[in-house]
Amino acid sequence: MELNFNFVEGLPDEDRKRLTDLLYIYNNHRSNNRIKKRYYNGKITLNEVNLGIALPPTLGKLQIGCAWGAKTVDVLAARSMFDGFVGSNGNNADTMNAIMRRNHLITEYKKACREELKYGGVYAAVSGKKNDARIRFYGPHCAAAKWDAESGRIECGFVFDDCRLTENDTTWSPDNIIFHTENTIWELNKVKGHWIAEGTNHQFGRPLMVAMAWDATTDKPFGQSRLKEPVRRLIQGYVRTIANATIGLEFATSPQKYLLGVSDEQYDTLIDQRFKTYIGSILYSTVNSETGEKPTFGQLPQGSISPHVEMLRILSTQFSAATGLTVTDVGVVNDANPTSSDAILAQSQSLVRMAEELNVGNADALYTIGQMALAIELDTTPDKLDDNAKEIIAHFKNPSMPSVASTADAAIKIAGAREGFAETDVFLEMIGFDQADIRRIRSQEARARGSKILKEEFTDDDINKGMD
């Protein structure tokens, strides 16, 4: 992609300089992000993994399917289940929930979470107007930001919609870019080859961009990918081992045979009919008329793929340790795999802890996103929101994914120790009902109570009439 911000009509020089810095950041990470995307999609050629010993160079473009990269991201992302916002009084944040429904935030969060783990970070941009707040997520392939260490937030950033027709179109560039600063949202449009900027001021005092970052550090505030270099090396080992095993299986399927002491004519016949000779159940030959030697038939020992299977087990164990996935998750079964549900749960505890860490970081980002969206929705600024709006909390489901039976058992025990707990929606959620079921239960309970009251009133009236 080619972008050039040497001249942007309508954009102050200071902001143009910041925009140029952002472009440098974007280009600096673009090639590495492409690698991460390829490993996530499993598009790895043998040229990347060949040691030059066992694999012939002619197979360099061969691709071996590997889902380890996708597993590394998707299994952890599946345990981060954003469930909406809760107000300070414990009730649903109605205004925020309306914004969520309009922006399909739960569904969009799932997509953003995968992008976050794939690349290390993802950006949310908030925009819109009164009663129409908008929230959009952008991966680093169509966004860039500069970090302000002093404020602990984004200093500035840009986003654009990725509308390329093909993935390999490297000459493509966007025609519309949204550039965020602490007091202005700039919309940049390309008209006849040059950029024209139009700004909209705001009073938020910070860019309307928020980063959700996985495994962020002081020197990498926008996070680190789950597909880091050590993990990619293990994926390369998997691809190389599978390729070697495939070639070894070919040789095991067609073992090397030899025939000594044949005449020239017999040799030429065998060469011309190799496949027929291989699949034939009987091999015919006569004594060599020139030497009088009887032909000797033999077969070399077949190769074994057992060493390759053992190597896969070693790689899967290392991969499990590096990513927190269970060995079962990476698709390699061995005698050490857990057999009971308790053992499987114990093995997944490191992944659960990672999911809890992911939820804590993303909850903080979602809180800031929610504050900005509410302020736009109510035509105010975050510092002027009421207390209930300021205290909204992002709620996530339990990342350990307990069974319904165990959760229901825990809910019943809590209900026995805490009076009134059985009347709450939380109790119904714990015993396995979703929000749609809870609404139906509450509605039918209300109708049942109303019918009961009406019956009692009619009974009393009848009694009074009888007494009169």
Side-chain angles (χ1 to χ4, degrees), residues 3-26 95-96 99 102-103 105 112 121-140 142-161 174-191 194-213 216 221-223 364-387 389-390 392:
L3 285 175
N4 190 328
F5 297 127
N6 291 332
F7 175 76
V8 181
E9 182 180 337
L11 188 67
D13 290 340
E14 180 181 355
D15 287 334
R16 186 188 61 79
K17 173 65 168 59
R18 299 163 78 181
L19 188 59
T20 303
D21 292 341
L22 289 172
L23 181 59
Y24 172 80
I25 293 172
Y26 176 84
T95 305
M96 190 65 230
I99 297 173
R102 182 190 312 136
N103 292 277
L105 197 58
V122 70
Y123 305 97
V126 187
S127 61
K129 56 186 178 180
K130 185 177 180 180
N131 298 325
D132 188 27
R134 297 290 174 177
I135 302 171
R136 294 290 182 270
F137 290 99
Y138 300 87
C142 53
K146 186 176 181 181
W147 185 254
D148 185 349
E150 182 177 353
S151 302
R153 57 168 174 79
I154 290 176
E155 177 185 322
C156 59
F158 69 69
V159 299
F160 57 83
D161 291 322
D175 294 326
N176 177 270
I177 292 177
I178 307 300
F179 174 39
H180 292 268
T181 66
E182 64 274 3
N183 51 25
T184 308
I185 299 177
W186 294 95
E187 183 174 359
L188 280 64
N189 291 291
K190 185 186 288 186
V191 180
H194 70 278
W195 292 95
I196 299 176
E198 183 178 351
T200 302
N201 294 329
H202 59 78
Q203 304 297 322
F204 282 57
R206 58 165 295 166
L208 301 186
M209 278 184 69
V210 180
M212 291 198 313
F222 292 121
D364 183 64
L366 287 169
Y367 169 78
T368 305
I369 294 168
Q371 294 286 288
M372 290 181 176
L374 280 172
I376 292 176
E377 185 82 1
L378 302 175
D379 196 21
T380 182
T381 55
D383 58 314
K384 295 180 181 178
L385 293 171
D386 59 42
D387 292 339
K390 287 182 180 180
I392 59 171

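Computation of the quantities below employed the complete heavy-atom set of this structure, encompassing side-chain atoms and omitting hydrogens, waters and symmetry-equivalent molecules.
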Check whether any side-chain heavy atom of [X] lies under 4.5 Å from a side-chain heavy atom of [Y], and answer yes or no.
| X | Y | answer |
| --- | --- | --- |
| Asn103 | Arg136 | yes |
| Ile369 | Phe137 | yes |
| Arg134 | Lys129 | no |
| Trp195 | Leu11 | no |
| Leu385 | Leu378 | yes |

Nearest 0.5 angstrom please: [X] [atom1] to [Y] [atom2], how far?
| X | Y | atom1 | atom2 | answer |
| --- | --- | --- | --- | --- |
| Trp186 | Ile178 | CH2 | CD1 | 12.5 Å |
| Met212 | Tyr123 | CE | OH | 12.0 Å |
| Arg18 | Asp21 | CZ | CG | 9.5 Å |
| Thr200 | Glu187 | OG1 | CD | 7.5 Å |
| Thr184 | Leu208 | OG1 | CG | 10.0 Å |
| Lys390 | Lys384 | NZ | NZ | 10.5 Å |

Which heavy atom in [X] sits nearest to a heavy atom in [Y], and how many Å separate them?
| X | Y | result |
| --- | --- | --- |
| Tyr367 | Ile392 | CD1-O, 3.2 Å |
| Ala373 | Ile99 | O-CD1, 3.7 Å |
| Ala216 | Pro221 | CB-O, 3.6 Å |
| Cys142 | Tyr26 | N-CE1, 4.2 Å |
| Gly223 | Ala213 | N-CB, 3.7 Å |
| Glu155 | Pro207 | O-CG, 3.1 Å |

Taking the side chain from Arg206 and the backbone from Ile154, do they hold a donor-acceptor pair closer than 3.5 Å?
no

I'd like to know if the side chain of Glu377 reaches the main chain of Asp132, judged simply by a donor and an acceptor atom lying under 3.5 Å from each other, with no hydrogens or angles considered.
yes

Determine the interplanar angle of the Phe158 and Phe160 rings, folded into 0 to 90°, and report it as parallel if under 30°, tilted if 30 to 60°, perpendicular if over 60°.
parallel

With side chain to side chain contact (heavy atoms under 4.5 Å, CB included) as the criterion, how do Ile376 and Phe204 come out once you've worked through the C-alpha distance, each side chain's angles and the decisive distance to 0.1 Å?
CA-CA 10 Å; Ile376 292 176; Phe204 282 57; 3.8 Å; yes

